[in-house]
Amino acid sequence: MFLTVILLYFLLLLGVSRLTARRSNNSIFFRGERQSPWYLVAFGMIGASISGITFVSVPGMVIHSGMSYLYTCLGFIFGYFAVAFLLLPIYYKLNLATIYTVLRPLGTEAYKTGAAFFLLSKMTGAAARFYVPCYIIHRSLTGGTPYDAFLFPLTVIVMVALIWVYTRRGGIKTLVWTDTLQTFCMFAALILIIYKVSEALYPGLHGWQAVRESFMTVFTQQSVPLDTAGSAGWISFLSGIFIVIVMTGLDQDMMQKNLTCRTLRDAQKDMCAYGFAFLPANFLFLCLGVMLCLLCGKQGMPLPSNPDELLTMFAATGYLGTAVLILFAVGIVAAAFSSADSALTALTTCFCIDFLGMKPDDDTGHSAAEHTRHRVHRVMAMLFIVCIMLFHWFNNTSLIDAIYRLCSYTYGPLLGLFSFALLHKKHCNPLGKPAVFVCIASPLVCLLLDYGVPLIFGYRFGYELLMINGLITYGALSVINNYKLIINN
């Protein structure tokens, strides 16, 4: 079943790639010729954000935290507005191909460090997101044979190779169109799965009434007031704002699509539309989780010990019928490809421009720079495979929580660097090697706080660790800059 869906889906994506990338050059790959319709970018970005891990993990979050994840999602909306009206005007004014060019006034060391932290963050985060669908697809194809462990690397290699094939020519121009297709397939599958689960729970559409009345929802006084990290709702809301600012506004992957819009106004429209759509999208996933929990109770089945297995326990096993199995396969494949293909393209773009100094507007075709880009794209695909395998061997936590926790450590220095660069652009000296030391030391300090504070004060940090990390980086960079100003004067 999964094999048929993957092959048909890949052929569809390859056809879109051929239509959108009849010509191939660096300008098309990096910028998409700045001709993307804003509504396609907005719709496609939903699929790029809601990856295969979201498709699997978010429904399972209701087991421990109900719908309290919506506090964070509500903060996302305000974060998208901040990106649209604070960061996008700067990026368009500077005519950027990669957003880390903003860090150049801080000196080469700080600029390269910021780009390096993105490469680390995106490679590990995208690998974690892509691991889940790869594992589900692998299990469905092998059926748990004795050679299961040996065949998993082959599954990963084939999946990444398929993505490399349809992104290698058109890059970001192709992704704007393929992401739109993938988002449509994913949400069509999600809505139809919800309908099927509702039918299995109660005939008709009474499953929605069950969601409203369930103690796990935010609509009753019995709603869970705390998230899994132990943070109050307002902290989750505030964390959601900064998560978006960092993981979207300071992320080359997400911003590269926005920078292909014709004008700044178009880019702002697509960012705001996308921000408003993110809350109801996650609400649907949580509703599905509530229905599945109620279905477990109705059937006398225990809830899975691993929340990530809640949806797969019903959908991937065929328990709800062949139709749900097909829809689940379509949704997983669409969500997986949508997030991984854009990550691979952004990693290639960042390395080529920020580290190799490649010109983003090169439209000659078949140039030495284009051949270099192809080599970098292949290397990034191979590194991506290695990271997925490392995550497979070492991960043992809830995946969506693991990604956001990882974000707190690796994106924190980016938050501090960008904040300093934008607020001190008129009074800033090149910071030199001390900036590198600060960006490495700040996550380590946060790691000590994360382990030490609960032991001393009993408080557990949640996603607010991202803000603390950025604040430490910003404060240390300010001290270095003031010292240099005093020395120079």
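The figures here come from the full heavy-atom set of this structure, side chains too, leaving out hydrogens, waters and symmetry mates. Values in this document were obtained by computation on a predicted structure and should not be read as measured data.
For F237 and Y71, the ring centers are positioned 6.0 Å apart or more. Annotation: Y411 is not in aromatic contact with F117 [ring centroid separation under 6.0 Å not met]. If you look at F285 and Y69, their ring centroids are not closer than 6.0 Å.
Shown here is F276, whose CZ atom has no more than 12 heavy atoms of other residues, nucleotides or ligands within 6.0 Å. Within 6.0 Å of the CZ atom in R262, the count of heavy atoms belonging to other residues, nucleotides or ligands exceeds 12. Within 6.0 Å of the CH2 atom in W38, the count of heavy atoms belonging to other residues, nucleotides or ligands exceeds 12.
Listed by chain and residue number, nothing satisfies the ring pair (Phe, Tyr, Trp, His ring centres under 6.0 Å) test with Y39 (two or more places apart in sequence, or in another chain). Residues satisfying the salt bridge (charged side-chain N to carboxylate O under 4.0 Å, His left out) test with D341, not counting sequence neighbours, are none. Qualifying ring pair (Phe, Tyr, Trp, His ring centres under 6.0 Å) partners for F43, counting only residues two or more places apart in sequence or in other chains: none.
Taking OH of Y131 as the reference point, atom CD1 of I388 lies at 11.0 Å (rounded to 0.5 Å). To the nearest 0.5 Å, the span separating NE2 on H374 from OG1 on T348 amounts to 10.5 Å. Interatomic distance, Y91 OH to L86 CG, rounded to the nearest 0.5 Å: 10.5 Å. Separating the CG atom in N469 from the CG atom in L447 is a distance of 10.5 Å, to the nearest 0.5 Å. Taking CG from L264 and NZ from K269, the interatomic distance works out to 11.0 Å, rounded to the nearest 0.5 Å. To the nearest 0.5 Å, atoms OG1 (T101) and CD (Q252) are separated by 8.0 Å.
A cation-pi arrangement is absent between R169 and F29 under the rule of less than 6.0 angstrom and at most 45 degrees off the ring axis. Cation-pi check for R34 over Y92 is met; the charged atom lies under 6.0 angstrom from the ring centroid and within 45 degrees of its normal.
Residue L175 forms a side-chain contact (heavy atoms from CB on, under 4.5 Å) with just one option from T345, T180, D253, and that option is T345.
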Check your understanding: Do V83 and M254 pass the side-chain contact (heavy atoms from CB on, under 4.5 Å) test, and can you show the C-alpha distance, the side-chain angles, and the key distance before you say yes or no?
Key -> CA-CA 11 Å; V83 172; M254 301 305 295; over 6 Å; no
Point to revise | Worked verdict on F30 versus C352 for side-chain contact (heavy atoms from CB on, under 4.5 Å) | key: CA-CA 10 Å; F30 296 142; C352 287; 3.8 Å; yes
Practice item. Please lay out, stage by stage, how L417 and Y474 fare under the test side-chain contact (heavy atoms from CB on, under 4.5 Å). Key: CA-CA 7 Å; L417 281 168; Y474 176 86; over 6 Å; no
Check your understanding: side-chain contact (heavy atoms from CB on, under 4.5 Å) between S478 and H424: does it pass, once the steps are laid out?
Key -> CA-CA 9 Å; S478 298; H424 295 266; 4.1 Å; yes
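Closest non-hydrogen pair, P59 versus L288, comes out as CG-CD2, 4.4 Å. Considering all non-hydrogen atoms of both residues, M45 and N258 come closest at SD-ND2, 3.1 Å. Residues I172 and I28 come closest through the heavy atom pair CG2-O, 3.6 Å. When every heavy atom of L106 is checked against every heavy atom of A421, the shortest pair comes out as CD1-CB, 3.9 Å. The heavy-atom pair separating C387 from M123 by the smallest distance is SG-CG, 3.2 Å. Closest of all the heavy-atom pairs between G249 and M255 is O-CG, 3.6 Å.
A donor-acceptor pair under 3.5 Å is formed between the side chain of Q268 and the backbone N or O of A84. With hydrogens and angles disregarded, no donor-acceptor distance shorter than 3.5 Å links the side chain of S442 to the backbone of C439. A distance-only check finds no donor-acceptor pair linking the side chain of T108 to the backbone of R104 [under 3.5 Å]. T248 places no side-chain N or O within 3.5 Å of a backbone atom of I245 that could act as its donor or acceptor partner. Put simply, the side chain of T410 never gets that close to the backbone of S121: no donor and acceptor are under 3.5 Å apart.
The aromatic rings of F355 and F351 sit parallel to each other, their planes meeting at less than 30°, with 60° as the upper class boundary. Aromatic ring pairs are classed by plane angle as parallel below 30°, tilted from 30° to 60° and perpendicular above 60°; the pair W164 and H377 is tilted.
Side-chain contact between Q182 and L13 is present, with at least one heavy-atom pair separated by less than 4.5 Å. The shortest side-chain heavy-atom distance between S17 and T178 does not fall under the 4.5 Å cut-off.
Salt bridge D270/K257: absent, no basic N to carboxylate O contact under 4.0 Å. At a threshold of 4.0 Å, the pair D354-K112 does not count as salt-bridged, since none of the basic side-chain nitrogens sits closer than that to a carboxylate oxygen.
The closest side-chain donor-acceptor pair between Y111 and Y100, if any, does not fall under 3.5 angstrom. Side-chain contact, T349 with Q256: a donor N or O sits under 3.5 Å from an acceptor N or O. A donor-acceptor contact under 3.5 angstrom links the side chains of R375 and T372, judged on distance only.
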